[in-house]
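Here the structure comes first, spelled out in structure tokens, and everything after it is commentary.
The figures that follow rest on heavy atoms only: side chains count, while hydrogens, waters and symmetry mates do not.
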Amino acid sequence: MRMKFTLNMENLDVNGNSIDSMILDWIDEVSQEQVLEMSHQWISSQTFLTERMIGLHKVGESSLTIEPVGE
């Protein structure tokens, strides 16, 4: 299924540069199991973003929204 992901982040430290706010959004074809797994990892891991983004050392507040894309 096609899903839209929207990642909102505030107070980032990227390679020593401070960034107040950043929004990333993308559409991907994923299974329901992949969405559930990603949601679970997001909720259970304090370092979900810093482990996956090169150069990202700190994130203040963040949120991830996942919603289906109508065709």
Name each donor-acceptor pair under 3.5 Å that joins a side chain in residues 33-51 to protein atoms two or more places apart or in another chain, with its distance.
residue	atom	partner	partner atom	Å
Glu33	OE1	Ser31	OG	3.4
Gln34	OE1	Ser31	N	2.7
Gln34	OE1	Ser31	OG	3.3
Glu37	OE2	Gln41	NE2	3.4
Ser39	OG	Val35	O	2.9
Gln41	OE1	Arg52	NH2	3.3
Ser44	OG	His40	O	2.9
Ser45	OG	Thr47	N	3.2
Ser45	OG	Phe48	N	3.2
Thr47	OG1	Glu51	OE2	2.6
Thr50	OG1	Thr47	O	3.4

Flag yes if more than 12 heavy atoms outside Asp20 fall under 6.0 Å of its CG atom; otherwise flag no. no
Could you go step by step and tell me if Lys4 and Asp25 meet the side-chain contact (heavy atoms from CB on, under 4.5 Å) rule? CA-CA 7 Å; Lys4 179 179 180 182; Asp25 65 2; 3.7 Å; yes
side-chain hydrogen bond (donor to acceptor under 3.5 Å, both in side chains) partners of Glu67, counting only residues at least two apart: none
Does Leu7 reach the side chain of Ile23, with side-chain heavy atoms less than 4.5 Å apart? no
Between CH2 of Trp26 and CG of Asp28, what distance do you get to the nearest 0.5 Å? 8.5 Å
Atom OG in Ser18, atom CG in Asp13: separation rounded to 0.5 Å? 5.5 Å
side-chain contact (heavy atoms from CB on, under 4.5 Å) evaluation trace for Phe5 with Val30: CA-CA 11 Å; Phe5 297 82; Val30 293; 4.1 Å; yes
Distance check, rounded to the nearest 0.5 Å: Ser21 atom OG versus Asn11 atom CG? 8.5 Å
Glu29 and Val69, any side-chain heavy atoms less than 4.5 Å apart: no
Let me check something: any side-chain donor-acceptor pairs from residues 54-65 under 3.5 Å, sequence neighbours excluded? List them with distances.
residue	atom	partner	partner atom	Å
His57	NE2	Gly55	O	3.3

